[in-house]
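Step one of this worksheet: look at the structure below.
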Amino acid sequence: QVQLVESGGGLVQPGGSLRLSCAASGSMFSIDRMGWYRQAPGKQRELVAVMISGGSTHYVDSVKGRFTISRDNAKNTVYLQMNTLKPEDTAVYYCNAVRLGVEYWGQGTQVTVSS
């Protein structure tokens, strides 16, 4: 079992920045990948950024150059640094981990980009 707890969401003006954190606990060995998804009202959940166990990363095109995923292994924490935020980034952001083929999800954190 893997438990994920997100934090760092909130209200920010367009052009602003936020950093999301995802603290993981439980069975941390054999985690294949960790990442962030988001779901806006009326839309399907989409992958935002993912970090594979070897360190490679992947981003959805809409956030490339603005968002950065990183991981602190000592703290078992994954971060999503979000810069130059746009209103269309407004969504609930979910942390995701895959371990031995099983997916785990956090409870989600709301990000609202509005003036």
Side-chain angles (χ1 to χ4, degrees):
Q1 291 285 335
V2 177
Q3 294 79 43
L4 305 172
V5 179
E6 302 103 331
S7 61
L11 172 64
V12 63
Q13 292 187 342
S17 298
L18 282 175
R19 188 178 79 157
L20 305 183
S21 300
C22 173
S25 60
S27 300
M28 298 302 299
F29 62 94
S30 297
I31 288 184
D32 302 311
R33 68 175 192 262
M34 292 189 71
W36 292 91
Y37 287 69
R38 67 185 179 188
Q39 188 166 18
K43 294 188 177 181
Q44 290 188 333
R45 190 173 297 189
E46 67 169 350
L47 174 67
V48 177
V50 64
M51 177 175 284
I52 311 301
S53 58
S56 60
T57 57
H58 171 78
Y59 298 90
V60 68
D61 285 346
S62 60
V63 308
K64 285 181 180 177
R66 300 188 297 122
F67 290 12
T68 303
I69 188 171
S70 61
R71 180 172 177 174
D72 185 333
N73 289 326
K75 297 182 178 180
N76 289 333
T77 300
V78 173
Y79 303 98
L80 185 68
Q81 178 66 45
M82 306 186 293
N83 298 328
T84 320
L85 283 160
K86 303 176 181 180
E88 51 263 43
D89 294 318
T90 295
V92 178
Y93 284 69
Y94 297 91
C95 183
N96 169 273
V98 178
R99 177 181 177 272
L100 301 177
V102 179
E103 280 196 300
Y104 299 89
W105 295 92
Q107 81 285 355
T109 185
Q110 176 70 45
V111 172
T112 302
V113 185
S114 175
S115 56

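As the structure is a prediction and not an experimental result, all values here were calculated from the model.
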Show the atom names and distances, to 0.1 Å, of all donor-acceptor pairs under 3.5 Å that link a side chain in residues 54-62 to residues at least two apart or in another chain.
residue: Tyr59; atom: OH; partner: Ile69; partner atom: N; Å: 2.9
residue: Asp61; atom: OD1; partner: Lys64; partner atom: NZ; Å: 2.9
residue: Ser62; atom: OG; partner: Arg38; partner atom: NH2; Å: 3.3

Original post:
Is Arg45 positioned over the aromatic face of Tyr37, cation under 6.0 angstrom from the ring centre and no more than 45 degrees off axis?
Top reply: no
Original post:
Rounded to the nearest 0.5 Å, how far apart are OH of Tyr94 and CG of Leu47?
Top reply: 15.0 Å
Original post:
Are the side chain of Gln39 and the backbone of Glu46 linked by a donor-acceptor contact shorter than 3.5 Å?
Top reply: no
**OP:** Quick one: pull up OG1 in Thr109 and OH in Tyr93 and give me the separation to the nearest 0.5 Å.
**Re:** 10.5 Å
Subject >> Which atom of Ser114 lies closest to which atom of Pro14, heavy atoms considered >> reply: C-CD, 3.6 Å
Original post:
Are Val2 and Val102 joined in one hydrophobic group, where the rule is that I, L, V, M, F, W and Y side chains link up if heavy atoms are under 4.5 Å apart?
Top reply: yes
Subject >> Distance in Å, Leu18 CG paired with Met82 CE, rounded so as to fall on 0.5 Å steps >> reply: 4.5 Å
Original post:
In terms of hydrophobic clustering (I, L, V, M, F, W, Y; side-chain heavy atoms under 4.5 Å; direct or indirect links), are Ile31 and Tyr104 co-clustered?
Top reply: yes
**OP:** Can you measure from OG (Ser21) to CG (Leu4) and round to the nearest 0.5 angstrom?
**Re:** 12.5 Å
Original post:
Roughly how far apart are Glu103 CD and Asp32 CG, rounded to 0.5 Å?
Top reply: 11.0 Å
Original post:
Judged by modelled atom types alone, do Asp72 and Thr77 share a side-chain donor-acceptor pair under 3.5 Å?
Top reply: no
Original post:
Do Tyr79 and Cys22 have side chains that get closer than 4.5 Å, going by heavy atoms?
Top reply: no
Original post:
Distance from Leu80 atom CG to Met34 atom CE, nearest 0.5 Å?
Top reply: 12.0 Å
